[in-house]
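Notes follow once the structure below has been shown.
Residue indices begin at 1 and follow the sequence shown.
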Amino acid sequence: MKNRYISLMNRTLDAYSIDHIHAYFAEVKRDGLTEHGFPRLTANIGILIAHGLRPNLLPVFLEMMDFCCESFLKVKAANDFSVKEIIFCLMLLEEKRIVPKPRIDKWKALLAAIVPQDCYSCYASAPDDRVYNWALFTAVSEYMRQHIGLCDSRDFIDIQLASQLYWVDENGMYQDAPPTNPMMYDLVGRALFAVLLHFGYRGKYYHAIDAALKKSGPLMLEMQSVSGEIPFGGRSAQFIHNEAQQAILCEYEARRYAKEGNFSLAARFKAGAEKSLDCIEAWLNERPIRHVKNSFPTESNYGCEAYAYFNKYMITTASFLYAACLLCDDAIPSANPDASRPYVLALPPHFHKIFLAAGDYFLEWDTCADPHYDCSGLGRIHKKGAPSALCLSLPCPQKPDYTIDLPGAIDLSLCAGYRVQNADHFALSREVPYEILSSAQDAFAARITLRNLFSDQTCLITSYCVDASGVQISLTGTDDLCFLLPAFTFDGRDHTQLQWDDHSLAITYRHFTCRYTTDGCIEDSGKMGCNRNGHYKAFVARGRHQLSIHIGIMPA
């Protein structure tokens, strides 16, 4: 696994040509350091050189490293993220004796001269300051300076950690910017805690952090899709660095349980790390390599927030892979014997997520979605081995805070609704609550029944059953029922094939077919939705008094 992490880091760097690296360096020399993408690129080049890779980049790397270490003392440029990564690189270079000692000592002297309040952009001044995860990045960067003997920042670090524990919920999950609580940032917070503890933090908040990680770890395994992906939801979703963050936590928990003698659970976490890497590797196999999970031209920024541009978020994958590599113990075997065990998982309301899995299928709902990134409803159906976007990997929001390219896009998920006075009403918004009426699992299937109550008091009851054959949906509640069916049409490069008639709809993409069948009728709404993966045509299944739909994904 350690070798695999380094190999994938190297393949991530394939996305940066030598000309690109030199152009990027010229840009930051001209404009100054403005964010953490450049230091991350610098650190990861150095780490690869230390592993015997990319030796041709050594001359420019030395200049880049000089520039970063000097810049930390001059500008606040998201150094909160960068200092720890430069130190990871420095530690390895010193161990491998790749760089002459005077150069190493120069870098250490510059890093030792850091004054936290002058270097970092975000930090807590007191334990009760309500700051978000930048202060946790700051704490880990400052701890790594302390770890290699450049400072004593124990009090500063503990103030940051006190401010961060405020956001840890009863399950040990990290809440970022409540009430939205993006799923990626739950993983970010917990992975930073894991790195901190791995490198020896045993301060006053050690036990609270360790307890939070232990509570949240098993939940993470049940939230991981059969495709290896992290849950959808909120900002910074569907970038290939997402699963590298997940791998950090899986490696940390694998170590924990191996040390406790619970080798079966340790092996499950090891399998979770492997699934994360399988997902990343599949995207790194694409050409050209992209940092977001679609095939649109990189320069289009399709699926990206304004801050999530290539130079920042592509190399982030390598940075998180290296953190996971540092936590990896190759002596722990991988095994996941109960991977197809049916289960239902509902998170607390502030995370507003439900997960259902059985056989090779995995489902995820957002029951109170942030409309800037998602919409409510069943937003994910994955089948093991099939392309994640084929049915749906995350909802399509009408007006997302990331780039799309279709005017007039609509909210779109797999979602119950009804028709009255020639208008369809779907349970897509926060104003339509989701209530769990029942849930169950047995040896073969997982089931859940949900209730939606609309503002006009119309009540819909939808039951879902997932087993080895797919997903069965039954809808009741009023005379004219309808259910939204997304049909993937375009990933930015390739178009899918659609076939439909009154009772079935089939979407074929990359050698797999997703098929909807219904006892009602299927109509093309004439409307389109967009998410980070691409374009979806909105179909509607309709029925009177009751409506049943089956969804199956199989090789084409």
Kindly indicate, with the supporting measurements, whether the criterion side-chain contact (heavy atoms from CB on, under 4.5 Å) is fulfilled by L547 and D519.
-> CA-CA 7 Å; L547 178 64; D519 60 359; 3.9 Å; yes
Are more than 12 heavy atoms, taken from residues, nucleotides or ligands other than [X], located less than 6.0 Å from that residue's [atom1] atom?
| X | atom1 | value |
| --- | --- | --- |
| Q499 | CD | no |
| E260 | CD | yes |
| E286 | CD | yes |

Donor on one side chain, acceptor on other, D366 and Y373, under 3.5 Å | no
Does one side chain, of D501 or S504, offer a donor that lies under 3.5 Å from an acceptor on the other?
-> yes
If you define the side chain from C-beta out and look only at heavy atoms, does anything of [X] sit under 4.5 Å from [Y]?
| X | Y | value |
| --- | --- | --- |
| D442 | R447 | yes |
| V540 | F483 | no |
| L265 | R256 | no |
| C391 | F512 | no |
| F239 | C304 | yes |
| F269 | I332 | no |
| S225 | F355 | no |
| V420 | H425 | yes |

Output every pair passing side chain to side chain donor-acceptor pair (under 3.5 Å) with a member in [range], not counting sequence neighbours, ordered by first then second residue.
| range | answer |
| --- | --- |
| residues 236-246 | Y185-S236, E229-Q238, S236-Y307, S236-Y313, Q238-N533, E243-K293, Q246-S276 |
| residues 324-335 | E274-S334 |
| residues 473-487 | D479-H545, D480-R544 |

Please identify each residue that fulfils side chain to side chain contact (heavy atoms under 4.5 Å, CB included) with K259, with sequence neighbours left out.
-> none
What are the two closest non-hydrogen atoms of [X] and [Y], and how far apart are they?
| X | Y | answer |
| --- | --- | --- |
| F362 | Y343 | CE1-OH, 3.6 Å |
| R451 | C459 | NE-SG, 3.5 Å |
| K383 | V226 | C-CG2, 3.9 Å |
| A324 | E251 | O-CG, 3.8 Å |
| A266 | A258 | CB-N, 3.5 Å |
| G234 | D374 | N-OD2, 2.8 Å |

I'd like to know if the side chain of [X] reaches the main chain of [Y], judged simply by a donor and an acceptor atom lying under 3.5 Å from each other, with no hydrogens or angles considered.
| X | Y | result |
| --- | --- | --- |
| H503 | G520 | yes |
| N171 | M173 | no |
| Y174 | N133 | yes |
| R419 | C482 | no |
| R430 | A369 | yes |
| N531 | G534 | yes |
| R515 | G552 | no |
| T518 | S548 | yes |
| H291 | A308 | yes |
| K2 | C328 | yes |

Between atom [atom1] of [X] and atom [atom2] of [Y], what is the distance when rounded to the nearest 0.5 Å?
| X | Y | atom1 | atom2 | answer |
| --- | --- | --- | --- | --- |
| I240 | T316 | CD1 | OG1 | 10.0 Å |
| T12 | F320 | OG1 | CZ | 12.0 Å |
| L392 | S413 | CG | OG | 7.5 Å |
| Y536 | L412 | OH | CG | 9.0 Å |
| Y434 | T462 | OH | OG1 | 7.5 Å |
| D370 | C375 | CG | SG | 11.5 Å |

Taking the six-membered ring for Trp and the full ring for Phe, Tyr or His, determine whether the centres of F296 and F490 are under 6.0 Å apart.
-> yes
Please find out if less than 6.0 Å separates the ring center of F539 from that of W500.
-> yes
Stepwise, does the side-chain contact (heavy atoms from CB on, under 4.5 Å) test hold for I381 with Y361?
-> CA-CA 7 Å; I381 297 181; Y361 285 89; 4.3 Å; yes
K353 charged N/C atom sitting above F232 aromatic ring, 6.0 Å / 45° = yes
In I461, I436, L437, L378, the residue satisfying side chain to side chain contact (heavy atoms under 4.5 Å, CB included) with L450 is I436
Extract all donor-acceptor atom pairs below 3.5 Å that involve side chains of residues 393-403 and protein atoms in other chains or at least two apart in sequence.
unit_1 : atom_1 : unit_2 : atom_2 : d
S393   : OG     : H382   : NE2    : 2.7

Could you check T367 against S376 for side-chain hydrogen bond (donor to acceptor under 3.5 Å, both in side chains), going step by step and ending with a plain yes or no?
-> CA-CA 5 Å; T367 60; S376 296; over 6 Å; no
Passes side-chain contact (heavy atoms from CB on, under 4.5 Å), D424 versus R542? Steps please.
-> CA-CA 10 Å; D424 292 335; R542 300 190 183 279; 2.7 Å; yes
Audit row: M1, L277, side-chain contact (heavy atoms from CB on, under 4.5 Å) steps and yes/no | CA-CA 9 Å; M1 284 287 282; L277 297 197; 3.9 Å; yes
Could you list the residues that satisfy salt bridge (charged side-chain N to carboxylate O under 4.0 Å, His left out) with E281, not counting sequence neighbours?
-> R4, R11
